[in-house]
Engineer: 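Supplied in structure tokens, the structure appears directly below.
When reading the values below, keep in mind they use all heavy atoms of this one structure, side chains included, and skip hydrogens, waters and symmetry mates.
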Amino acid sequence: MGKVKDEQLFSLLRNFLLIYLPNQRHASSNTVKAYRTAWNQLLKYIAGQKKIPMMSVTFGMIRYEMVVAYLDWLSEEKGVGPATRNNRLAAIRAFITYASACRPEYISLSSELAAIKIQKKERFREVDYMSEAAVKALFAAPDTRTKMGLRDQFLMIFLYDTGARIQEALDVKICDLRIDKTPTVTLHGKGGKIRVVPLMKDTVQHLDNYMGAFHKGESAFSTEWLFYVERKGSRSAMCDDTARLRIQKYAELARETCPDVPERVHPHLWRHTRAMHLYQHGMDLTMISQWLGHKQVETTLIYAYADTEAKRKAIEKAMGAGLADAESVNYTVSDEDMKAKIILKRSIDSAMYILFLLLMGQCVLRGVIHEWLGIAVGILFVCHNVLNFKWYQTLRKGKYNVMRAIQLIINILLLLAMLLCMFGGILASQYIFAVGSGKMIELGRHLHLVSTAWAFVLMSFHLGFHWSIFSAISKKIRTDEKVKKVIHIICCVFVAVLFAYGVYQFADRRFWEELFHLIDYQYHLQ
């Protein structure tokens, strides 16, 4: 730990957070935590900009320009909304006001920061939320054979079912749960507000599994944290940063099987998602407002400004089937159909890639065997696209960054190359189809070989973009964490060596000549 350069700054900050806010202002623990987070983030930002240790930050560095740059960084780099930005600014101003009351020399700094304008919020902005398919995919992502996977899965279920803010969920103790005829949980919200939220039947079942693994034998009146971490034999409440990292990890994994999963899945997104699903399924906004713990119903109106598709469905429901009783969203975490589909997809993909490699060695497997294997690959390729049809439905959704655009181009080119490969193979067939003769067969051969070369290269890129699947599989192996890391490192080294070998062979064999039809294919056909 380095020496503090400006002791007055950190001394005042300590008194502000530990004495002034909780004792004199009677601020809630959540408010103190929010102010602490804001200042911790600001000090780290200044230290990063100045390239100095955080302990070397001084009052002189906290100027108008620096605070504005920090707030802009929050909006542009971290992607926070106007509300979060304004809350951070309020926390900074509150401390500087306190400091200027203790030390008059800081009054001028307080005046400087007062000139920073509050960012206006849109009255009704579009709500970010997940589809029901994305929710199911995220629930299925954790490996529930492990304790950590079981905990992470139940945390996401709990956030979705209760619509709790992340801190509300992490503050829940066992004594806050009531599992009787009408299961409920008591949530302690912002400003000391308390609300009771019902738990759905599926959630109670997962709660039983979770309690059996993490709180076996605990009394219903226990004050133990429901979600905890254990270090050196001591338990403490899970922090929100841990929850955010875990949830984002599963989002990246779930996106491989469900393109609907957003690129950024944060804990608060579960709250928006649950509220929007309830609204779409017919729950009254007043009830949603009470369920979410909103102080004013107007705050809940953002869910009424849903996307046009939700409005269309609401109109159809109102004008068509009549006033049916609205039910809450029904989800099943142990979705055997989804798991079976994933296994089927991966089996088809593995078989297709293996057969494709065998077909590339045409000098070994020739004649009628080569044609039958080609038909098998074609059938598997069609099955692959049918099972991934949802991917085509997402092409018009979401924003396109450079990586997504590149992936789209490669996938489209691969699709075209495979179709041309199959078409050329049919024209060149001499055993199974035998539809042509003479020049048509020669044309089919050329088309087949050129498109096959392109398909081979494009499929290599396609597999490279899906490296995260293989990485995730290596991490799911049930063994010691150190062994997992070693296995993961071995996989990474293997892929790197394979990539280097591929580049070498591409250059050594002058593979581009086949891609651009620069060689005589008669050599390959003899």
Engineer: Is it true that Asp143 and Arg145 make a salt bridge, defined as a side-chain N closer than 4.0 Å to a carboxylate O?
Structural biologist: yes

Engineer: May I ask you to test the Phe456-Thr452 pair for a side-chain heavy-atom distance under 4.5 Å?
Structural biologist: no

Engineer: Taking side chain as C-beta onward, heavy atoms only, is Leu199 less than 4.5 Å from Thr182?
Structural biologist: no

Engineer: Donor-acceptor pair, distance only, cut-off 3.5 Å: does the side chain of Glu168 make one with the backbone of Arg165?
Structural biologist: yes

Engineer: For the aromatic rings, using the six-membered ring if either is Trp, is the centroid distance between Phe227 and Phe158 under 6.0 Å?
Structural biologist: yes

Engineer: Parallel, tilted or perpendicular, judged at 30° and 60°: which one describes the rings of Tyr160 and Phe139?
Structural biologist: perpendicular

Engineer: What about the rings of Trp270 and Tyr250, do their centers lie closer together than 6.0 Å?
Structural biologist: no

Engineer: Give a yes or no on whether the ring-centroid distance for His462 and Tyr353 is below 6.0 angstrom.
Structural biologist: no

Engineer: Under the criterion side-chain contact (heavy atoms from CB on, under 4.5 Å), which of Leu408, Ile406, Leu413 is the partner of Ile410?
Structural biologist: Ile406

Engineer: Using a 6.0 Å cut-off, check whether atom NZ of Lys147 has over 12 heavy atoms from anything other than its own residue.
Structural biologist: yes

Engineer: Would you say the side-chain atoms of His266 pair up with the backbone N or O of Leu269, donor to acceptor, closer than 3.5 Å?
Structural biologist: yes

Engineer: Which of these passes side-chain contact (heavy atoms from CB on, under 4.5 Å) with Leu415: Leu420, Leu458, Asn385?
Structural biologist: Asn385

Engineer: Quick one: do Asp260 and Arg255 make a salt bridge, cutoff under 4.0 Å?
Structural biologist: no

